[in-house]
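Since the structure comes first, as structure tokens, the remarks are kept for the end.
Please read all numbers here as calculations on a predicted model, not as lab measurements.
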Amino acid sequence: MSDRHVKGAVNTVKGTVNEGVGKLTGDKEQETKGKIQKVEGKVQGSVGDVQDAVHKAGHGDSHA
């Protein structure tokens, strides 16, 4: 798991918490920030997946 994957997972969890707190307290701004943070985390994780795939392809680890 790359650094990008870890950061993505952390942001996804933080976003989930912020969204939940926003819903519980009726704070739409915090809820929205949480949703945005979750999306950012998922994007970071996807970038990590692409980086891993490029790295593997560049090192001939493909078995096709």
Inset, instruction - Output the distance between atom NZ (K28) and atom NZ (K33), rounded to the nearest 0.5 Å. - result: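 Answer rounded to 0.5 Å: 15.5 Å.
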Inset, instruction - Output all residues satisfying salt bridge (charged side-chain N to carboxylate O under 4.0 Å, His left out) with K35, sequence neighbours left out; order by chain, then residue number. - result: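 K35 satisfies salt bridge (charged side-chain N to carboxylate O under 4.0 Å, His left out) with E31 once adjacent residues are dropped.
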Donor-acceptor contacts under 3.5 Å from residues 45-53 side chains, at least two apart:
| unit_1 | atom_1 | unit_2 | atom_2 | d |
| --- | --- | --- | --- | --- |
| S46 | OG | K42 | O | 3.1 |
| D49 | OD1 | H5 | NE2 | 2.6 |

For residues 13-22, run the donor-acceptor check on the side chains, cut-off 3.5 Å, and write out each pair with its distance to 0.1 Å, sequence neighbours left out.
| unit_1 | atom_1 | unit_2 | atom_2 | d |
| --- | --- | --- | --- | --- |
| T16 | OG1 | T12 | O | 2.9 |
| N18 | OD1 | Q30 | NE2 | 3.4 |
| N18 | ND2 | K14 | O | 3.3 |
| N18 | ND2 | Q37 | OE1 | 2.9 |
| E19 | OE1 | K38 | NZ | 2.7 |

